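Read through the structure below, which is laid out as structure tokens, and then see the notes.
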Amino acid sequence: MIIGVIGSRGTVPTAEDATTSFLVDNRFLFECPSEIVQAFQKFQKNWIKVVESSANTELKALGRPTFGKISHIILSHLHFDHWGGLPHILHRIILLEREKREQEPLNIVIPKGSTVPLQLRMKEVFSLTDSNFPISDDEFLYRYLAIEVGTVINLLVKIHVINVGETFIPETDYSLSCEDNSHLPQGSVAYKFTFKKVKLDVDKARDLEIPFDSTLKKIESNIKPVSVKGKLIKRSDIFRDLEVVMGYSGDTTLNPKVLSFFSDCNIIIHETTYLSINESYHLDLHTDLVSLIEALREFKKLFLLLPIHFSIRHTSKEIKNAIDQIKNTNFQIHDTSSTFIFQADQKSIIASYKIPKRQ
Ligand SMILES: [Zn+2]
């Protein structure tokens with residue numbers, strides 16, 4: 001799993017840094033802020049610099065990130081800094097990728113209930129009396145985007161509504177689930193994105209002279225060793241289970257419900273909220289980096305924490321001090337005020353570029 005941080009600001013972008021958005025395996029775009037097009041292009045340039053100087057095969061296999069490769073846009077909630085760039089991406093599709101997307105529509109994932117605040121506001125503003133309000137989230141978003149970019153959009157995108165407790169499979173080997181993150185009264189979630197694959201060590205299988213036929217399946221599915229040409233072969237001799245679980249909090253204080261949802265994560269991308277923690281629906285927990293790190297010490301599988309927009313509450317010195325404090329923990333922490341590419345299965349940072357000036 002390759003994770004590229006495109007933006008790490010909260011709420012308001014700067015010329016140097018976009019608001020929260022990141023790309024997983026060059027196909028899954030989490031969040032789509034208003035400035036996504038420029039930020040993505042900047043990310044592409046940084047990517048090219050990295051790939052040109054890297055021998056990393058996984059990175060090279062993914063190829064350069066392009067708009068055309070994005071298969072899914074996954075939105076945690078419909079605040080403008082999280083989805084305001086969607087019309088730009090869709091206009092781009094209409095102008096440049098129409099034929100391709102007619103065959104393979106762009107998938108947009110939104111949480112159930114995420115359009116309700118917009119619908120209710122419209123109903124109020126226009127004094128609508130339609131008793132059918134609110135309509136379903138996907139129906140509303142199709143209609144809304146049709147106003148923005150034209151009804152042709154119905155052919156080019158596919159909207160999926162995800163509910164808490166459900167699992168969405170965007171592609172083989174990947175799964176997405178969500179939990180209410182209490183950022184809004186409804187329709188705002190934290191996501192867990194899992195990549196799981198059984199990988200065959202081809203060279204090892206050849207060395208052990210294992211035939212590449214149904215024998216492989218037999219070894220993979222058997223708990224006990226399988227006899228092959230007089231040798232006992234264990235599953236672990238030739239198969240490796242790859243699993244990476246990424247949690248993304250999506251604009252929230254890290255409340256107990258989200259924390260428990262993240263307990264089996266290897267990576268947590270935590271975007272803390274800008275909203276006042278005194279709002280009734282916010283739980284006053286882990287709004288500072290030090291207490292967050294303390295809470296995460298229990299997480300045995302965690303190896304990376306990427307905090308996003310803690311700068312709203314803390315000076316860079318405070319963030320640095322908090323980072324220094326975790327030298328003895330089992331996970332690393334990385335300041336995301338930089339463009340950043342991370343290879344999760346290797347637990348390595350491939351590239352990080354300091355953003356020149358942070359305001
Ligand atoms: Zn928000």
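These numbers come from a predicted model, not from an experiment.
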If you count the non-hydrogen atoms of other residues, nucleotides and ligands that lie under 6.0 Å from [atom1] in [X], is the total more than 12?
{"X": "K301", "atom1": "NZ", "result": "no"}
{"X": "K100", "atom1": "NZ", "result": "yes"}
{"X": "K112", "atom1": "NZ", "result": "no"}

Answer yes or no: is there an ion pair linking K217 with E220, defined by an N-O contact shorter than 4.0 Å?
->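 Between E220 and K217 there is a salt bridge, with a charged N closer than 4.0 Å to a carboxylate O.
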
Requested in this report: May I ask you to say whether R235 pairs ionically with D241, meaning some side-chain N is under 4.0 Å from a carboxylate O?
Outcome: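 Looking at D241 together with R235, the answer is yes, because their closest N to O distance falls below 4.0 Å.
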
Let me check something: any side-chain donor-acceptor pairs from residues 59-69 under 3.5 Å, sequence neighbours excluded? List them with distances.
unit_1: K60; atom_1: NZ; unit_2: V51; atom_2: O; d: 3.3
unit_1: K60; atom_1: NZ; unit_2: S54; atom_2: O; d: 3.0
unit_1: T66; atom_1: OG1; unit_2: K69; atom_2: N; d: 3.2
unit_1: K69; atom_1: NZ; unit_2: L62; atom_2: O; d: 3.1
unit_1: K69; atom_1: NZ; unit_2: R64; atom_2: O; d: 2.5

Is [X] reaching over with its side chain to a backbone N or O of [Y], donor-acceptor style, under 3.5 angstrom?
{"X": "D237", "Y": "I233", "result": "no"}
{"X": "D180", "Y": "S182", "result": "yes"}
{"X": "D81", "Y": "P33", "result": "no"}
{"X": "D17", "Y": "G7", "result": "no"}

_I want to know whether F28 and F193 have ring centres closer than 6.0 Å._
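Between F193 and F28, which both carry aromatic rings, the centre distance is below 6.0 Å.
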
So which atom in [X] and which in [Y] form the shortest heavy-atom distance, rounded to 0.1 Å?
{"X": "P211", "Y": "V228", "answer": "CD-CG1, 3.9 Å"}
{"X": "D25", "Y": "I2", "answer": "OD1-N, 2.6 Å"}
{"X": "I162", "Y": "C178", "answer": "CG1-SG, 3.9 Å"}
{"X": "L75", "Y": "P111", "answer": "O-CD, 3.3 Å"}
{"X": "S21", "Y": "I36", "answer": "OG-CD1, 3.9 Å"}
{"X": "N181", "Y": "D251", "answer": "ND2-O, 4.1 Å"}

If you measure from [atom1] on [X] to [atom2] on [Y], what distance do you get to the nearest 0.5 Å?
{"X": "D264", "Y": "K300", "atom1": "CG", "atom2": "NZ", "result": "14.0 Å"}
{"X": "L29", "Y": "S71", "atom1": "CG", "atom2": "OG", "result": "10.0 Å"}
{"X": "D173", "Y": "L242", "atom1": "CG", "atom2": "CG", "result": "9.5 Å"}
{"X": "F262", "Y": "F299", "atom1": "CZ", "atom2": "CZ", "result": "8.5 Å"}
{"X": "I108", "Y": "I73", "atom1": "CD1", "atom2": "CD1", "result": "5.5 Å"}
{"X": "T167", "Y": "K192", "atom1": "OG1", "atom2": "NZ", "result": "9.5 Å"}

Just by distance, no angles: are the side chains of T252 and H183 close enough, under 3.5 Å, to form a donor-acceptor pair?
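Judged by distance alone, the side chains do not pair up.
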
Practice item. Report yes or no: do S177 and E166 form a side-chain donor-acceptor pair below 3.5 Å? Key: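 Absent: no donor and acceptor within the cut-off.
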
| said: Can you tell me how the ring of H82 sits relative to the ring of H77, calling it parallel under 30°, perpendicular over 60° and tilted otherwise? | reply: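 Tilted, since the angle between the ring planes falls between 30° and 60°.
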
Look at the rings of W83 and F80 and say which category their plane angle falls in: under 30° parallel, 30 to 60° tilted, over 60° perpendicular.
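W83 and F80: perpendicular rings.
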
Ring pair (Phe, Tyr, Trp, His ring centres under 6.0 Å) pairs touching residues 223-255, sequence neighbours excluded, are F22-Y248

inquiry  = For a side chain to side chain donor-acceptor pair (under 3.5 Å) check, start with the C-alpha distance between S76 and E31, then their side-chain angles and the critical distance, and finish with the verdict.
reply    = CA-CA 7 Å; S76 66; E31 313 293 29; 2.5 Å; yes

inquiry  = Quick check on side chain to side chain donor-acceptor pair (under 3.5 Å): which of H79, E271, E35 does T19 satisfy it with?
reply    =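 Per the side chain to side chain donor-acceptor pair (under 3.5 Å) rule, the option paired with T19 is E35, out of H79, E271, E35.
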
If hydrophobic clusters are built from ILVMFWY residues whose side chains come within less than 4.5 Å, do [X] and [Y] share one?
{"X": "F168", "Y": "V245", "answer": "no"}
{"X": "F195", "Y": "V198", "answer": "no"}
{"X": "V24", "Y": "I169", "answer": "no"}
{"X": "V116", "Y": "L86", "answer": "no"}
{"X": "L184", "Y": "L120", "answer": "no"}

Less than 3.5 Å apart, which donor and acceptor atoms pair up between the side chains of residues 143-161 and the rest of the protein, not counting sequence neighbours?
unit_1: R143; atom_1: NE; unit_2: E139; atom_2: OE2; d: 3.1
unit_1: H160; atom_1: NE2; unit_2: N107; atom_2: OD1; d: 2.7

Run the side-chain contact (heavy atoms from CB on, under 4.5 Å) check on I110 and L141 step by step: do they pass? CA-CA 9 Å; I110 54 169; L141 193 57; 3.9 Å; yes

Could you go through M246 and Y191, starting from their C-alpha distance and side-chain angles, then the distance that decides it, and tell me whether this counts as side-chain contact (heavy atoms from CB on, under 4.5 Å)? CA-CA 8 Å; M246 183 203 78; Y191 282 113; over 6 Å; no

For this session: Answer yes or no on whether R206 is positioned over the face of F212, meaning its NZ or CZ is under 6.0 Å from the six-membered ring centre and within 45° of the axis.
Result: yes

Student check: side-chain heavy atoms of [X] and [Y] closer than 4.5 Å:
{"X": "I269", "Y": "I3", "value": "yes"}
{"X": "I89", "Y": "C32", "value": "yes"}
{"X": "L90", "Y": "P87", "value": "no"}

Show, in sequence, the C-alpha distance, side-chain angles and deciding distance for N26 and W47, and conclude whether the side-chain contact (heavy atoms from CB on, under 4.5 Å) test is met.
CA-CA 11 Å; N26 287 1; W47 179 282; 3.6 Å; yes

Using the rule given for side-chain contact (heavy atoms from CB on, under 4.5 Å), can you reason through L232 versus V226, listing the C-alpha separation, both sets of side-chain angles and the distance that settles it, and then say yes or no? CA-CA 5 Å; L232 281 180; V226 172; over 6 Å; no

